[in-house]
Engineer: 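One structure, pasted below without further comment.
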There are 2 protein chains.
Amino acid sequence: MNVCVTTLLREKGFKVTPQRLAIYNVLAASKAHPSAEMIFHQLQPIYPTMSLATVYKTIEILKELGLIQVLNAGEDSFRYDADTSNHSHICCQRCGRVDDLHGIDSTEFVQQVVKATPYRITGQQFYFYGVCPECAAKE
Amino acid sequence: MNVCVTTLLREKGFKVTPQRLAIYNVLAASKAHPSAEMIFHQLQPIYPTMSLATVYKTIEILKELGLIQVLNAGEDSFRYDADTSNHSHICCQRCGRVDDLHGIDSTEFVQQVVKATPYRITGQQFYFYGVCPECAAKE
DNA sequence: GTGCATGCAAAATCTTTGCAGACAA
DNA sequence: TTGTCTGCAAAGATTTTGCATGCAC
């Protein structure tokens with residue numbers, strides 16, 4: 001996995017730095033769709049000199065390389081996902097967590113849109129909102 | 001339409017002011033899903049003393065009253081839509097416009113998710129991305 | 001007249017940019 | 001060695017808050 005990132009970075013003329021690998025690794029290892037701030041805090045103990053600016057700059061590069069996708073679930077900040085496969089997300093309106101929704105077939109739905117719109121479609125994002133089981137149990 | 005807003009505001013203990021009506025009217029009359037800044041600029045000629053803070057405060061109230069929905073299509077700012085019916089949106093990646101997608105049936109898609117997730121689902125937002133006909137023609 | 005609303009300015013957030021020293025190749 | 005990268009600080013952009021004056025009721 002890191003081999004892939006390393007190769008891709010070099011191919012596109014970017015240097016391979018410990019910070020860049022660390023940031024990608026956090027994203028690849030997490031299912032929580034962390035924001036820049038969350039990545040920064042998670043790396044703080046290991047890279048005490050790490051700066052938020054570096055996180056943002058690296059995210060920009062990872063986006064450009066197609067290694068991550070950007071989520072915008074209605075919060076004030078963006079979240080990032082190293083799983084670039086086509087999948088929906090569901091957000092808990094109580095605790096704010098964002099989970100993946102795998103195994104959903106959206107082809108029929110997307111096909112309807114392709115037929116109905118004059119746009120040339122290049123991508124899509126589906127967000128569901130609700131209450132996660134943990135928060136529901138508390139209520 | 002304004003009757004409705006007026007009544008709703010009063011019912012919930014909010015005062016009916018020209019600014020609030022004007023802001024709602026901009027949203028109700030527009031299909032462009034304007035941001036706070038866009039609403040502000042559109043009202044500038046008519047209400048030269050209008051402040052951005054008032055736009056934001058009013059949006060907060062309209063949201064609370066269920067008169068508008070908030071869009072988050074991946075830009076730095078939020079957009080607002082006075083059409084609160086269940087519909088998807090499509091965003092042009094060239095010019096940034098956001099259009100409605102009506103007449104799409106998402107029930108089957110949503111049902112799949114309801115069955116697959118342990119969340120109690122309360123809502124959803126579907127964003128499509130692509131190139132609008134105008135921008136496609138220019139390319 | 002009372003109390004909420006407006007509008008200004010300042011603050012709070014999130015993100016980007018500029019630049020000097022540091023590091024990958 | 002060379003050119004890019006890091007990390008700090010400052011700047012930008014969007015949104016929120018505090019407060020004095022003004023307006024709806």
Side-chain angles (χ1 to χ4, degrees), chain A residues 2-3 5-24 26 33-65 68 70-80 96 98, chain B residues 2-3 5-24 26-27 33-41 43-65 68 70-80 96 98:
Chain A
N2 270 354
V3 178
V5 185
T6 302
T7 311
L8 261 173
L9 281 168
R10 268 201 261 267
E11 266 177 11
K12 300 277 182 176
F14 295 110
K15 292 191 171 160
V16 178
T17 68
Q19 288 91 335
R20 287 177 179 171
L21 295 179
I23 290 164
Y24 179 74
V26 167
H33 312 88
S35 63
E37 190 81 29
M38 289 159 84
I39 297 170
F40 174 67
H41 274 115
Q42 188 165 336
L43 289 174
Q44 196 79 311
I46 315 162
Y47 292 88
T49 69
M50 167 83 68
S51 115
L52 244 185
T54 300
V55 176
Y56 278 111
K57 286 169 187 168
T58 300
I59 283 168
E60 196 55 41
I61 293 172
L62 294 175
K63 218 182 347 179
E64 199 180 321
L65 298 184
I68 58 172
V70 182
L71 303 186
N72 212 221
E75 299 164 301
D76 293 334
S77 57
F78 290 96
R79 285 168 174 262
Y80 307 95
V98 178
Chain B
N2 269 355
V3 177
V5 185
T6 302
T7 311
L8 261 172
L9 281 169
R10 268 200 261 266
E11 268 177 10
K12 300 276 182 176
F14 296 109
K15 290 189 175 163
V16 178
T17 67
Q19 289 92 335
R20 286 177 180 172
L21 294 178
I23 289 164
Y24 179 74
V26 167
L27 279 165
H33 312 89
S35 64
E37 189 81 29
M38 290 159 84
I39 298 170
F40 174 66
H41 274 117
L43 289 174
Q44 196 77 311
I46 315 161
Y47 292 88
T49 69
M50 166 83 67
S51 115
L52 245 184
T54 300
V55 176
Y56 279 111
K57 286 168 186 168
T58 299
I59 284 169
E60 196 54 41
I61 292 172
L62 294 176
K63 217 180 351 177
E64 201 179 319
L65 298 185
I68 58 172
V70 182
L71 303 186
N72 211 223
E75 299 163 301
D76 293 334
S77 57
F78 290 95
R79 285 167 173 262
Y80 307 94
V98 177

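Convention: sequence-line order gives letters A, B, ...; per-chain numbering from 1. Predicted, not measured: the structure shown is a model, and the values here were computed from it.
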Engineer: Would you indicate which nucleotide in dG7(C), dA25(C), dC5(D) comes nearest to any side-chain atom of Thr54(B)?
Structural biologist: dG7(C)
Engineer: Separation of Ile23(B) atom CD1 from dA5(C) atom C1', in whole Å?
Structural biologist: 11 Å
Engineer: Ignoring hydrogens, what is the shortest heavy-atom contact between Pro34(B) and Leu27(B)? Give both atom names and the distance.
Structural biologist: CG-CD2, 3.8 Å
Engineer: Separation of Lys12(B) atom NZ from dC4(C) atom P, in whole Å?
Structural biologist: 17 Å
Engineer: So which atom in Ala36(A) and which in Val55(A) form the shortest heavy-atom distance, rounded to 0.1 Å?
Structural biologist: O-CG1, 3.8 Å
Engineer: If I take atom OH in residue Tyr47(A) and atom P in nucleotide dC23(C), what distance separates them, rounded to the nearest angstrom?
Structural biologist: 13 Å
Engineer: Quick check: do Thr54(B) and Tyr47(B) have side-chain heavy atoms less than 4.5 Å from each other?
Structural biologist: no
Engineer: Select base, sugar-phosphate, or nothing to describe what Pro48(B) touches, counting heavy atoms under 4.0 Å on all strands.
Structural biologist: nothing
Engineer: Where the side chain of Gln19(B) is concerned, which of dT6(C), dA25(C), dT15(C) is the nearest nucleotide?
Structural biologist: dT6(C)
Engineer: Nearest to the side chain of Ser51(B), heavy atoms from C-beta on, is which of dC8(C), dG7(D), dT6(C)?
Structural biologist: dC8(C)
Engineer: Return the 5'-most residue of the pair Ser77(B), Pro18(B) with respect to DNA chain D, ranking by each residue's nearest nucleotide.
Structural biologist: Ser77(B)
Engineer: Using whole Å, what does the distance between atom P of nucleotide dA24(D) and atom CG of Leu9(B) come to?
Structural biologist: 13 Å
Engineer: I need the CD-C1' distance between Glu75(B) and dT15(C), as an integer number of Å.
Structural biologist: 15 Å
Engineer: The side chain of Tyr56(B) is closest to which nucleotide in this list: dC4(C), dC19(C), dT15(D)?
Structural biologist: dT15(D)
Engineer: Report the distance from atom CG of Leu21(A) to atom P of dT6(D), rounded to the nearest whole Å.
Structural biologist: 10 Å
Engineer: On DNA chain C, does the nearest nucleotide to Ala53(B) precede the nearest nucleotide to Asp76(B) from the 5' side, or the other way round? Give the residue.
Structural biologist: Ala53(B)
Engineer: Measure from the side-chain heavy atoms of Lys57(B) and tell me the nearest of dG7(D), dC19(D), dT15(D).
Structural biologist: dC19(D)
Engineer: Return the nearest nucleotide to the side chain of Lys15(B); candidates are dC25(D), dT6(D), dT15(D).
Structural biologist: dC25(D)
Engineer: Starting from C1' on dC14(C), measure out to CG on Leu71(A) and report it in whole angstrom.
Structural biologist: 17 Å
Engineer: Quick one: Ile39(B) CD1 to dT14(D) C1', roughly how many Å, whole number?
Structural biologist: 14 Å
Engineer: Output the single nucleotide from dA24(D), dT15(C), dT15(D) whose closest atom is nearest the side chain of Leu52(A).
Structural biologist: dT15(C)
Engineer: If you define the side chain from C-beta out and look only at heavy atoms, does anything of Phe40(B) sit under 4.5 Å from Ile23(B)?
Structural biologist: no
Engineer: Salt bridge check, Lys63(B) against Glu60(B): does any charged N sit closer than 4.0 Å to a carboxylate O?
Structural biologist: yes
Engineer: If you assign each of Ala36(B) and Phe14(B) to its closest nucleotide in DNA chain D, which residue comes earlier from the 5' end?
Structural biologist: Ala36(B)
Engineer: Of all the choices, dA25(C), dG7(C), dC5(D), which nucleotide is nearest to the side chain of Arg10(A) once you look at every atom?
Structural biologist: dA25(C)
Engineer: Using only side-chain N and O atoms of Thr17(B), determine if any of them is under 4.0 Å from OP1 or OP2 of dA5(C).
Structural biologist: no
Engineer: According to a strict under-4.0 Å criterion, is Arg20(A) in side-chain N/O contact with OP1 or OP2 of dA24(C)?
Structural biologist: no
Engineer: With rounding to the nearest 0.5 Å, note down the distance linking CZ in Arg79(B) to CD1 in Ile39(B).
Structural biologist: 10.5 Å
